[in-house]
Amino acid sequence: MMDMGSAAAGAGARAESTIELSYAEAAALAVRREMEADPRVVVLGEDVGRGGIFGQYKGLQQHFGSERVIDTPISEAAIMGAGVGMALAGLRPVVEMRVVDFALCGMDELVNQAAKNRFMFGGQGRVPLVARMPGGIWDASAAQHSQSLEAWFAHLPGVVVVCPSTPQDNHSLMRAALRCGDPVVYIEHKTLWGTRGAVDPSLDIALGQAARVRRGNALTLVSWSRQMHVCAAACDTLAAEGIEMDLIDLRTLWPWDRETVLASCARTGRLLVVHEAVQAAGFGAEIAATAAEATGCRVARLGAPRIPVGYAPVLEAQSRVSAEQIARAARSLLG
């Protein structure tokens, strides 16, 4: 057990080692560090040579060359298929899909090849790739560029699903994903790229480990990705009313941190799961059902209506889950 003097010294050392980075810069640094540490790590996709459309590969081709940061034709099926082949041949590719909406063109390679190879060949083949698929509502980009499809991939045996919400998580979880021996569907939110925060490059975060963002006893609030920040705003509103919630950022949807979530639900007796994705058949239903079965807690879900995301701001707003809606749902659950 560490004494208080040692703990204070450790905290000071961590503070000195942190740097401020954007969500995109944190991911670029993580990929760069893994490429430097492991020559098997390569990047392929559209526009990666110029840094990616969000700056998530900035400077990498200039540093590592075009043989390790590979610009590809506009064919998601070809990009994903090449990534699967590279992984089977011993490389550890980062497969850039630009946005999750475009990744649908490469689904056969991911679903029927990458996800199943280890099982179907008795572990003789492994597909250690990271498929980056930025998800979520993209401001004023309409229905074909604003989908939240993480539940699709959580439903797919054989893949890991990651949804980081902060620059620190995007750095640490990207490094963990690149070290994983299985295919990882890595869903960064399309509107988080410019958000900034402190990043400790030495901090390791295990896949499947949730983060407790706030501590409270009124109820358990679970979310991930950009919606976690909206939930935090709702927590601020409710805290002013004397209601303190246990806010948990899931970070990884598969495997998800059942132990942390269920322990909180057993303590508070209430669970509200919130996500940006359509509520019908969303991953929140899995969390709610598991918690109800394991702890008997009261549960509620909050997600988007089952409608395409509109282009006009007034229509787009109908697909967003606001802090006001979250606060209202929490009050109802407490009533």
Side-chain angles (χ1 to χ4, degrees), residues 20-24 26 134-141 146-148 150 162-170 173 187-199 210-253 256-257 260-261 264-265 268 270-279 282-284 287-288 298-305 309-310 313-335:
E20 183 174 296
L21 296 173
S22 71
Y23 190 81
I137 296 175
W138 200 358
D139 298 343
S141 296
S146 294
Q147 296 171 92
S148 299
E150 62 267 25
V162 179
C163 297
S165 64
T166 67
Q168 178 69 71
D169 290 348
N170 211 16
L173 293 173
I187 304 177
E188 295 146 293
H189 199 283
K190 297 162 188 167
T191 64
L192 289 179
W193 296 107
T195 59
R196 304 189 69 82
V199 175
R212 176 169 276 108
V213 181
R214 295 178 69 123
R215 184 175 291 275
N217 295 316
L219 62 82
T220 300
L221 179 59
V222 175
S223 193
W224 54 87
S225 193
R226 181 185 178 275
Q227 200 64 44
M228 190 278 296
H229 300 282
V230 185
C231 287
C235 286
D236 289 338
T237 297
L238 292 169
E241 302 171 14
I243 301 170
E244 294 290 348
M245 296 194 289
D246 221 27
L247 175 57
I248 296 173
D249 181 357
L250 214 53
R251 300 198 290 203
T252 304
L253 266 62
W256 64 281
D257 192 346
T260 295
V261 172
S264 176
C265 292
T268 66
R270 297 175 178 86
L271 168 66
L272 174 61
V273 187
V274 182
H275 50 69
E276 186 174 301
V278 169
Q279 180 171 311
F283 193 67
I287 301 168
R298 293 181 61 189
V299 300
R301 295 174 293 143
L302 190 58
V309 177
V314 67
L315 296 177
E316 181 182 277
Q318 297 302 308
S319 291
R320 293 189 182 275
V321 180
S322 68
E324 292 76 15
Q325 288 175 290
I326 298 167
R328 187 162 58 247
R331 293 188 195 99
S332 177
L333 192 58
L334 290 166

Determine, stepwise, if the pair Val273 / Trp224 fulfils side-chain contact (heavy atoms from CB on, under 4.5 Å).
-> CA-CA 10 Å; Val273 187; Trp224 54 87; 4.1 Å; yes
Verdict with supporting geometry, His189 and Ser165, side-chain contact (heavy atoms from CB on, under 4.5 Å) = CA-CA 8 Å; His189 199 283; Ser165 64; over 6 Å; no
Please walk me through it: do Thr166 and His229 pass side-chain contact (heavy atoms from CB on, under 4.5 Å)?
-> CA-CA 9 Å; Thr166 67; His229 300 282; 4.3 Å; yes
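Here the closest heavy-atom approach between residue Pro167 and residue Gly197 is recorded as CG-N, 3.7 Å. Nearest approach of Arg298 to Leu333, heavy atoms of both residues: NH1-O, 2.9 Å. In terms of heavy atoms, Leu221 sits closest to Cys235 at CD2-SG, 3.8 Å. Closest heavy-atom contact between Pro164 and Leu173: CB-CD1, 4.2 Å. Across Ser264 and Ile248, no two heavy atoms sit closer than the pair CB-CD1, 3.8 Å. Scanning both residues, Pro305 and Val278, for their nearest heavy atoms gives O-CG2, 3.7 Å.
A distance of 6.0 Å separates CG in Leu302 from CD in Gln325, rounded to the nearest 0.5 Å. With values rounded to the nearest 0.5 angstrom, Thr195 atom OG1 is found 10.5 Å from Arg226 atom CZ. Between the OG atom of Ser225 and the CZ atom of Arg251 there is a distance of 13.5 Å, given to the nearest 0.5 Å. Residue Arg331 holds its CZ atom at 7.5 Å from OG1 of Thr237, rounded to the nearest 0.5 Å.
Taking the charged nitrogens against the carboxylate oxygens, Asp236 and Arg214 do have a contact shorter than 4.0 Å, which makes a salt bridge. Salt-bridge annotation for Asp246 and Arg270: absent, with no side-chain N of the basic residue lying under 4.0 Å from a carboxylate O of the acidic one.
Contact of the Met228 side chain with the Leu250 side chain is not registered, since no non-hydrogen atoms from C-beta on lie closer than 4.5 Å. Between Val230 and Arg320 the shortest side-chain heavy-atom distance does not fall below 4.5 Å.
With hydrogens and angles ignored, the 3.5 Å screen pairs no side-chain donor or acceptor of Gln227 with any backbone N or O of His275. Side-chain atoms of Glu150 never come within 3.5 Å of backbone atoms of Ile187 as a donor-acceptor pair (strictly under, hydrogens ignored). Under a 3.5 Å cut-off, the side chain of Glu276 and the backbone N or O of Ile137 do form a donor-acceptor pair. A distance-only check finds no donor-acceptor pair linking the side chain of Ser141 to the backbone of Ser146 [under 3.5 Å]. Although no hydrogens or angles enter the test, the distance criterion places a donor-acceptor pair under 3.5 Å between the side chain of Asn170 and the main chain of Tyr23. No donor-acceptor pair closer than 3.5 Å links the side chain of Glu316 to the backbone N or O of Asp139.
For the side chain to side chain contact (heavy atoms under 4.5 Å, CB included) with Leu272, the qualifying choice from Ile326, Thr220, Leu334 is Ile326, the only one to do so.
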